[in-house]
Engineer: 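To start, I am sharing the structure in question, which I have written as structure tokens.
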Amino acid sequence: MPDAGPSPLQSRPHDAAAAPTGAHHRVTGTPGHSPDGGDPLPRSVPEGAAVPRQPNQALERILRGPSGLGTTGLHLCRTEEALSPPEAGAPAEGEPIPGLYHHPVPQPDPARVEEVGRRIKAWAVDEVQAFPPEWEDQFDGFSVGRYMVACHPDAPTVEHVMVATRLMVAENAVDDCYCEDHGGSPIGLGSRLLLAHTALDPLHTTKAYEPEWLDSLGSDAPRRAYRSAMEYFDRQATSSQTDRYRHDMARLHLGYLAEAAWAETDHVPEVWEYLAMRQFNNFRPCPTITDTVGGYELPADLHARPAMQRVIALAGNATTIVNDLYSYTKELNSPGRHLNLPVVIADLEGVSDRDAYLKAIEVHNDLMHDFETEAAALAAACPVPSVLRFLKGVAVWVDGNHYWHQTNTYRYSLPDFW
Ligand SMILES: CC(C)=CCC/C(C)=C(\C)COP(=O)(O)OP(=O)(O)O
Ligand SMILES: [Mg+2]
């Protein structure tokens with residue numbers, strides 16, 4: 001398999017481009033490579049922008065990565081601050097939401113983006129038949145290669161990025177085909193999700209019933225995609241990372257079910273209830289595989305610590321409210337009422353659509369600040385290299401997720417509120 005480009009992140013000779021062989025490649029703890037091996041980009045705060053909080057020392061450490069013998073590979077590019085100027089008028093296409101607290105990311109390596117894009121299309125079409133030909137434009141417009149390369153700049157090989165990319169496509173196939181506007185419906189969703197979940201968390205049953213279950217895993221695109229993506233993930237991950245992922249996916253499915261239950265009766269939850277649902281119907285399963293994709297492991301006992309769980313939840317919530325904000329117009333234009341944070345705030349708090357949207361930006365910004373504060377505190381309290389690298393990986397995922405939403409003008413456009 002030719003590997004594209006001269007980037008230091010490119011695949012090594014052993015990079016497994018082909019389908020898994022059955023051999024288990026476990027993580028080794030080897031640090032990945034930095035995109036540039038250097039310090040974060042210089043600070044750039046546009047004139048007139050709100051002055052950001054000063055990161056404290058521990059946070060700076062997360063942003064820069066740990067120091068000391070053997071840690072140079074843990075450095076990732078992360079700009080420390082940039083807020084778009086709210087007074088600049090309506091943002092142009094592809095610009096960030098004015099006033100949204102975020103960190104710009106360096107352009108993802110184009111050669112790697114292209115190679116991931118090529119491999120993921122081959123997987124989606126040839127291995128799992130993830131979408132019919134008429135959805136090809138939407139698949140391409142999703143730009144999943146750009147998304148995942150931006151979110152995982154420390155992945156040591158293209159194949160490590162592919163582990164995340166297949167899961168991302170599979171997760172979206174389930175959301176689109178079971179829950180949303182590609183044939184989805186709240187009716188019967190519980191049954192569909194549970195059966196699809198067995199592609200991630202296998203059924204252990206008697207010999208008599210097993211063949212029917214195995215057949216079911218090939219019976220629709222979401223299950224084919226889940227099953228295959230999980231097989232690849234399992235080959236790269238340790239047992240506890242696989243278990244972590246299954247748990248996060250169960251959380252996700254629980255969130256889908258609450259959203260569906262409200263949709264069935266056209267119920268608008270309280271704002272805090274909406275936020276609780278969105279903590280589960282959430283990007284969380286994506287940043288929490290950052291160590292597997294980076295080729296190392298955050299040990300299970302460190303992952304399970306309450307402080308780490310809080311950091312992960314805050315990061316997941318911030319990334320998901322980013323989606324609510326960037327997908328606001330798409331969801332307004334979709335059939336039926338699609339709940340997102342601005343819609344719920346407008347409905348429940350009796351404010352204009354614009355004020356509700358601006359309030360949702362504030363909620364997002366508070367979540368981001370809390371995430372960064374808690375991550376800094378945890379880094380200071382537990383300066384173990386795998387913890388520091390994981391916190392940094394989650395932070396970089398948050399930034400890459402924002403970048404993808406901001407720049408995916410095929411999928412998203414901003415409301416006319418400025
Ligand atoms: C990739 C992944 C784990 C997704 C799970 C939940 C999900 C689909 C989102 C957080 C995105 O939200 P939404 O369904 O509103 O997506 P779009 O706005 O349609 O892009
Ligand atoms: Mg959305």
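Read the numbers this way: they start at 1 and go in the same order the structure lists the ligands and their atoms.
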Engineer: With respect to Leu378, which candidate in Leu302, Leu391, Thr373 satisfies the side-chain contact (heavy atoms from CB on, under 4.5 Å) definition?
Structural biologist: Leu391

Engineer: Would you say Met249 contacts ligand 1, with heavy atoms under 4.0 Å as the rule?
Structural biologist: no

Engineer: Can you label the angle between the Tyr326 ring and the His405 ring as parallel, tilted or perpendicular, going by 30° and 60°?
Structural biologist: tilted

Engineer: What are the atoms of ligand 1, with element, lying closer than 4.0 Å to any heavy atom of Ser327?
Structural biologist: 18 (O)

Engineer: In terms of atom number and element, which parts of ligand 1 are under 4.0 angstrom from non-hydrogen atoms of Met168?
Structural biologist: 1 (C)

Engineer: Could you tell me whether Glu159 and Arg166 have a side-chain N and a carboxylate O separated by less than 4.0 Å?
Structural biologist: yes

Engineer: Of all residues at least two apart in sequence or in a different chain, which pass the side chain to side chain contact (heavy atoms under 4.5 Å, CB included) check with Pro287?
Structural biologist: Val394, Trp397

Engineer: May I ask whether Tyr412 places a heavy atom under 4.0 Å from ligand 1?
Structural biologist: yes

Engineer: Which residue and atom name correspond to the protein heavy atom nearest atom 2 (C) of ligand 1, and how close is it?
Structural biologist: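 So the nearest neighbour among protein heavy atoms is Glu171 OE1, 3.8 Å.
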
Engineer: Considering the heavy atoms of Asn282, write down every atom of ligand 1 situated less than 4.0 Å from one of them.
Structural biologist: 3 (C), 5 (C)

Engineer: Can you confirm whether Lys359 is buried at NZ, in the sense that more than 12 heavy atoms of other residues, nucleotides or ligands lie under 6.0 Å from that atom?
Structural biologist: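 It does not: Lys359 NZ has 12 such atoms or fewer within range.
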
Engineer: What is the ring orientation for Phe417 with Tyr328, classed by angle as parallel under 30°, tilted 30 to 60°, or perpendicular over 60°?
Structural biologist: tilted

Engineer: Looking only at protein heavy atoms, which one is nearest to atom 6 (C) of ligand 1, and how far off is it?
Structural biologist: Asn281 OD1, 3.4 Å

Engineer: In ligand 1, which numbered atoms sit nearer than 4.0 Å to a non-hydrogen atom of Asn323?
Structural biologist: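 Every atom of ligand 1 under 4.0 Å from some heavy atom of Asn323: 11 (C), 12 (O), 13 (P), 15 (O), 16 (O), 17 (P), 18 (O), 20 (O).
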
Engineer: Salt bridge or not between Glu136 and Lys121? Use side-chain N to carboxylate O under 4.0 Å.
Structural biologist: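 Between Lys121 and Glu136 there is a salt bridge, with a charged N closer than 4.0 Å to a carboxylate O.
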
Engineer: Could you tell me whether Thr320 and ligand 1 have an N or O pair separated by under 3.5 Å?
Structural biologist: no

Engineer: Does the side chain of Tyr178 come under 3.5 Å of the side chain of Asp220 through a donor N or O and an acceptor N or O?
Structural biologist: yes

Engineer: Please could you name the atoms of ligand 1 that Cys286 approaches to less than 4.0 Å, counting only its heavy atoms?
Structural biologist: 1 (C), 3 (C)

Engineer: Of Leu194, Leu193, Leu195, which meets side-chain contact (heavy atoms from CB on, under 4.5 Å) against Ser191?
Structural biologist: Leu195

Engineer: What is the closest protein heavy atom to atom 19 (O) of ligand 1, and at what distance does it sit?
Structural biologist: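 In this structure, atom 19 (O) of ligand 1 has Lys330 NZ, 2.7 Å as its nearest protein heavy atom.
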
Engineer: Would you say the side-chain atoms of Asn282 pair up with the backbone N or O of Thr320, donor to acceptor, closer than 3.5 Å?
Structural biologist: no

Engineer: What do we get for Tyr256 next to ligand 1 when only non-hydrogen atoms under 4.0 Å count, side chain, backbone, both or neither?
Structural biologist: side chain

Engineer: Just need the protein heavy atom nearest to atom 14 (O) of ligand 1, so name the residue and atom and give the distance.
Structural biologist: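 In this structure, atom 14 (O) of ligand 1 has Asp175 OD2, 3.0 Å as its nearest protein heavy atom.
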
Engineer: Tyr226 and His253: aromatic ring centres closer than 6.0 Å?
Structural biologist: yes

Engineer: Just the protein N/O/S atoms under 2.8 Å from the Mg ion (ligand 2), please, no waters.
Structural biologist: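 Protein N, O or S atoms closer than 2.8 Å to the Mg ion (ligand 2): Asn323 OD1, Ser327 OG, Glu331 OE2.
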
Engineer: What atoms of ligand 1 come closer than 4.0 angstrom to any heavy atom of Arg411?
Structural biologist: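 Contacts of ligand 1 toward Arg411, numbered from 1: 17 (P), 19 (O), 20 (O).
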
Engineer: What residue and atom, counting heavy atoms only, is the protein's closest point to atom 12 (O) of ligand 1, and at what distance?
Structural biologist: Arg278 NH2, 3.0 Å

Engineer: Are the side chains of Glu297 and His303 in contact, using a 4.5 Å heavy-atom criterion?
Structural biologist: no

Engineer: Could Glu231 and Arg227 be called an ion pair, given the rule that one side-chain N must be under 4.0 Å from one carboxylate O?
Structural biologist: yes

